[in-house]
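Below, chains carry the letters A, B, ... as their sequence lines are ordered, and counting in each starts from 1. When reading the values below, keep in mind they use all heavy atoms of this one structure, side chains included, and skip hydrogens, waters and symmetry mates. Owing to the predicted nature of the structure, the values given are computational and were not obtained by experimental measurement.
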Amino acid sequence: MDFIRAMVTKDVADGLNGGRVHTRFPPEPNGYLHIGHAKAICIDFGTAEQFGGRCNLRMDDTNPSKEEVEYVDSIQEDVKWLGFNWFADVRYASDYFDACYAYAEALILAGRAFVCDLTPEQMRSHRGTLTEPGQESPFRTRSIAENLDLFRRMRAGEFPDGARVLRAKIDMTSPNIHLRDPVIYRNLRSSHHRTGDTWCLYPMYDYAHPIEDAMEGITHSLCTLEFEIHRPLYDWVLDQLPEFFVEWQRKTSGLPAGTPYARPRQTEFARLNLTYTIMSKRKLLELVKRNLVTGWNDPRMPTLSGMRRRGYTPAAIRTFCDKIGVTKYNSLTDVALLEHCLRDDLNRVALRYMAVLDPLKVVIENYPEGQVEEMDAVNNPEDAAAGSRKVPFTRELYVERADFMEDPPKKFFRLAPGREVRLRWGYLITCTGVEKDAAGQVTALRCTYDPATRGGNTPDGRKVQGTLHWVSASHGLDAEVRLYDRLFKVEQPGAVDGLDLAAELNPESLTVITAKIEPALAAVSPATPLQFERVGYFRADPATQPGRPVFNRTVTLRDSWAKAGAKKG
RNA sequence: UGCCCGGUGGUGUAAUGGUAGCACAACUGGUUUUGGUCCAGUUUGUCUUGGUUCGAAUCCAGGCCGGGCAGCCA
């Protein structure tokens, strides 16, 4: 059990908050959710779920200059896609702007906040350094009446942005810089996606967040490690005039009448880092803005929308989040674990089809011209309920170019002159000849088939080492296939300050090819996980159209043959 | 050289004073109409130095190493 579940278990056992567990997932709508958020979502919603509690989805929208409704919408879609349900309606920090403002006036009245006229530069110099204490602002001693008047005029829009701020009066000598009279309100002329131009000043995160949590009756406020040092300020806000929150929580939490007041408590865990992946929203936005990818939902992006389009399943992501655990240790998780969880789920659910990515023609000389046989093919060997389908077999077929070698090494179990292989669900064939063009490039294979081996069976019990996938030349269809590989070629992209992200991109992160697919593949929906046998897992792209199919490669199959080859080479 | 938080195989994570376990990765072998899946196995670890204790990954102290913090961002 991880330390958060241990803590909550104890809290429940101690009867804290009447045994109630209420968490929240509070993204800022300034970008799309990514796999790192999935971890937080699984912790926030998962903890509530496990203890029979609730979890709110709350947009932390206190900085309108960065936030957009497009993001608000995508966040909800992604959380739903992962399979989580939030309590009641989506919440917004902006729902509580009135309360934040009222509490600020109360703090002023209590002598615990003051309006400061220092410029940002002056404030920085007064703040001190990591090793030296700060200096008190000359405005710190303003009278309560003057502070109240000035703050109200800030709200009325009498001062330009940056002229004045409201600061908490705490301790300029604190070793924790966040306690050195932090700014809690600033003027910001920016139209808000929900409140429009009602406000020209907005609360800061450190001030607003504990209020938001208290307003919603949150018991456990779980967040990432970088907020650990902010916790004393979180506590300070809640503890100044605690009586204010009791009534507010009753009115805004949406909880049943009589629910006792809960004072939220913040606990921090380490965020997810993944090899070959960037998790910073700022850098992901940069990729989008510079057109280094096609958008937030580019299948190479670690965003949930990109992964969804690529063919990731919610189950795979949730299993992954479960396996990585929850600690305070700053770790770097191998992306191979994510891919393992993906393959594990896909192996169970993906429907098998045959598609030839790099076609090489095969002519079966003793197979009647014009004959078509409908072969039975199993849709999913891991799931009998998935049934079977028909695949047309004809005299001319395509096989994978890499499945033939003219002069193969001993352990090559595929096609070569004189060698026999099985065509999956088809027949056993033996290569009898090779056709080449003037340049010596192989253009076609001549083969013979054994009519006694229909379906790929060997009635005489003989062993065949290789089984190849294939597509009928006359029935196969062309399809665009997008072969995705990792977006970055370095294990820790973005780790070097000042280095251009573009320099770390994998130039082979996308290869577009035209493949030959079996006819049944023309009709599959983007909702269906697919396996192209012996090749990998694929997903129809949402942009796929009748007559113009497009497939995205989700992930390759494990390939111990390729691995053996790579080792020698 | 201030404050806060961390250090368990290559990676991630269990063990909360009592046999260092699991997963991924890697490597062997077996099965197989996907060189997939599955099965069996192998390799590899408690940062360090003291202390407490019958017994320490766990508790205490020092050291070393890593991360975070000086936005009117979240």
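In this structure, the side chain of Arg558(A) does not engage the main chain of His340(A) through any donor-acceptor pair within 3.5 Å. Between the side chain of Lys169(A) and the main chain of Asp181(A), no donor-acceptor pair closer than 3.5 Å is present.
The CZ-C1' distance, from Arg189(A) to C72(B), rounds to 13 Å in whole Å. Between the CE atom of Met172(A) and the P atom of C3(B) there is a distance of 18 Å, given to the nearest Å. Summarising the geometry, the separation between NZ on Lys563(A) and C1' on U28(B) is reported as 13 Å, rounded to the nearest angstrom. The distance from atom OH of Tyr234(A) to atom P of A74(B) is 16 Å, rounded to the nearest whole Å. Between Phe538(A) atom CZ and G36(B) atom C1' the separation is 13 Å, expressed in whole Å. If you measure from atom CD1 of Ile4(A) to atom P of A14(B), you get 11 Å, rounded to the nearest angstrom. Atom CD of Glu339(A) is separated from atom C1' of U11(B) by 14 Å (rounded to the nearest Å). Here A25(B) presents its P atom at 10 Å from CG of Asp344(A), a figure rounded to the nearest Å.
Out of U32(B), G35(B), U34(B), the shortest distance to the side chain of Arg352(A) is found at U34(B). Nearest nucleotide to the side chain of Thr333(A), out of G12(B), U34(B), A14(B): G12(B). When distances run from any side-chain atom of Thr327(A) to the nucleotides A14(B), G35(B), G6(B), the shortest one goes to A14(B). The Glu382(A) side chain lies nearest to U37(B) when the options are U37(B), C73(B), U32(B). In this structure, of U34(B), C5(B), C72(B), it is C72(B) that holds the atom nearest to the side chain of Met123(A).
Base-pair partner of C59(B): G51(B) (Watson-Crick or G-U wobble, both distances under 3.5 Å). Both distances falling under 3.5 Å, in either a Watson-Crick or a G-U wobble arrangement, occur for no nucleotide opposite G45(B). Look at A14(B): it lacks any Watson-Crick or wobble partner with both distances under 3.5 angstrom. Base pairing analysis places U1(B) opposite nothing; no Watson-Crick or G-U wobble pair with both distances below 3.5 Å involves it. The pairing partner recorded for G36(B) is none, the criterion being a Watson-Crick or G-U wobble arrangement whose two distances lie under 3.5 angstrom. Across all strands shown, C64(B) forms a Watson-Crick or G-U wobble pair, both distances under 3.5 Å, with G7(B). A74(B): no Watson-Crick or G-U partner with both key distances under 3.5 Å is found in any strand.
The glycosidic torsion of G7(B) lies more than 90° away from 0, placing the base in the anti range.
Between G10(B) and U52(B), the distance separating the two P atoms is 32 Å to the nearest Å. Going from the C1' atom of G35(B) to that of G45(B) covers 33 Å, rounded to whole Å. Using C1' as the reference atom, G18(B) and G55(B) are 7 Å apart when rounded to the nearest Å. Taking atom C1' on both U13(B) and A57(B), the two are 14 Å apart, rounded to the nearest angstrom. Taking the P atoms as reference points, G2(B) lies 11 Å from G63(B), given to the whole Å.
Within 4.0 Å of Val183(A), counting heavy atoms only, lie sugar-phosphate atoms of the nucleic acid but no base atom. Within 4.0 Å (heavy atoms only), Phe412(A) reaches at least one base atom of the nucleic acid. Using a 4.0 Å heavy-atom criterion, one finds that Arg424(A) contacts the bases of the nucleic acid, with or without backbone contacts as well. Base contact: Gln531(A) has a heavy atom under 4.0 Å from a base atom. If you check every strand for non-hydrogen atoms under 4.0 Å, Ser65(A) touches nothing. Glu28(A) comes within contact range of the sugar-phosphate backbone alone, with a heavy-atom separation under 4.0 Å but no base atom that close. Within the nucleic acid shown, Pro381(A) comes within 4.0 Å of at least one base atom, counting heavy atoms only. Counting non-hydrogen atoms under 4.0 angstrom, Leu233(A) reaches nothing in the nucleic acid. Using a 4.0 Å heavy-atom distance criterion, Arg180(A) is classed as making no nucleic acid contact. The residue Thr275(A) sits apart from the nucleic acid: no heavy atom pair falls under 4.0 Å. Within 4.0 Å (heavy atoms only), Arg164(A) reaches no atom of the nucleic acid at all. Looking at heavy-atom distances under 4.0 Å, Leu468(A) makes no contact with the nucleic acid at all. Within 4.0 Å (heavy atoms only), Lys281(A) reaches no atom of the nucleic acid at all.
The aromatic rings of Trp296(A) and Tyr32(A) sit parallel, their planes meeting at an angle under 30°, below the 60° perpendicular limit.
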What pairs of nitrogen or oxygen atoms, one from the protein and one from nucleotides 67-71 of chain B, lie under 3.5 Å apart?
residue : atom : partner   : partner atom : Å
G67(B)  : O2'  : Asn330(A) : ND2          : 2.9
C69(B)  : O2'  : His178(A) : NE2          : 2.9
A70(B)  : O2'  : Arg127(A) : NE           : 2.8
G71(B)  : OP2  : Arg127(A) : NH2          : 2.8

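Shown here are the side chain to side chain contact (heavy atoms under 4.5 Å, CB included) partners of Arg486(A), two or more places apart in sequence or in another chain: Tyr276(A), Val335(A), Asn506(A). Asn273(A) is linked by a side chain to side chain contact (heavy atoms under 4.5 Å, CB included) to Asn330(A), Leu332(A), counting only residues two or more places apart in sequence or in another chain.
For A74(B), the OP1/OP2 oxygens have a side-chain nitrogen or oxygen of Thr62(A) closer than 4.0 Å. Within the 4.0 Å cut-off from OP1 or OP2 of U37(B), not a single side-chain nitrogen or oxygen of Arg343(A) is found. For C73(B), one of the phosphate oxygens OP1 or OP2 lies less than 4.0 angstrom from a side-chain nitrogen or oxygen of Arg186(A). In this structure, Arg558(A) reaches the U37(B) phosphate: one of its side-chain N or O atoms is under 4.0 Å from OP1 or OP2.
Remark: ring of Tyr205(A) not stacked against base of A74(B); the cut-offs of centroid gap under 5.5 Å and plane tilt under 30° are not jointly satisfied. Judged by ring centres under 5.5 Å apart and planes tilted less than 30 degrees, Phe413(A) stacks against the six-membered base ring of G35(B).
Under the 6.0 Å cut-off for aromatic ring centres, Trp425(A) and Phe393(A) do not qualify, their centroids lying 6.0 Å or more apart. Side-chain rings of Phe151(A) and Tyr101(A) approach one another, their centers coming within less than 6.0 Å. A ring-centre distance under 6.0 Å is found for Tyr205(A) and Phe227(A).
A side-chain N or O of Asp171(A) and one of Thr173(A) form a donor-acceptor pair less than 3.5 Å apart. Defined by atom type and a distance below 3.5 Å, a donor-acceptor pair is present between the side-chain atoms of Ser65(A) and Asn63(A).
Crowding of Gln135(A) atom CD: a count of heavy atoms from other residues, nucleotides or ligands under 6.0 Å not exceeding 12. Surrounding CZ of Arg271(A) are at most 12 heavy atoms belonging to other residues, nucleotides or ligands under 6.0 Å away.
Toward the 5' end of RNA chain B, the nearer of the two residues Asp2(A) and Lys323(A), judged by each one's closest nucleotide, is Asp2(A). Where Gly325(A) and Gly426(A) meet RNA chain B, the nucleotide closest to each residue was compared, and Gly325(A) sits on the side nearer the 5' end.
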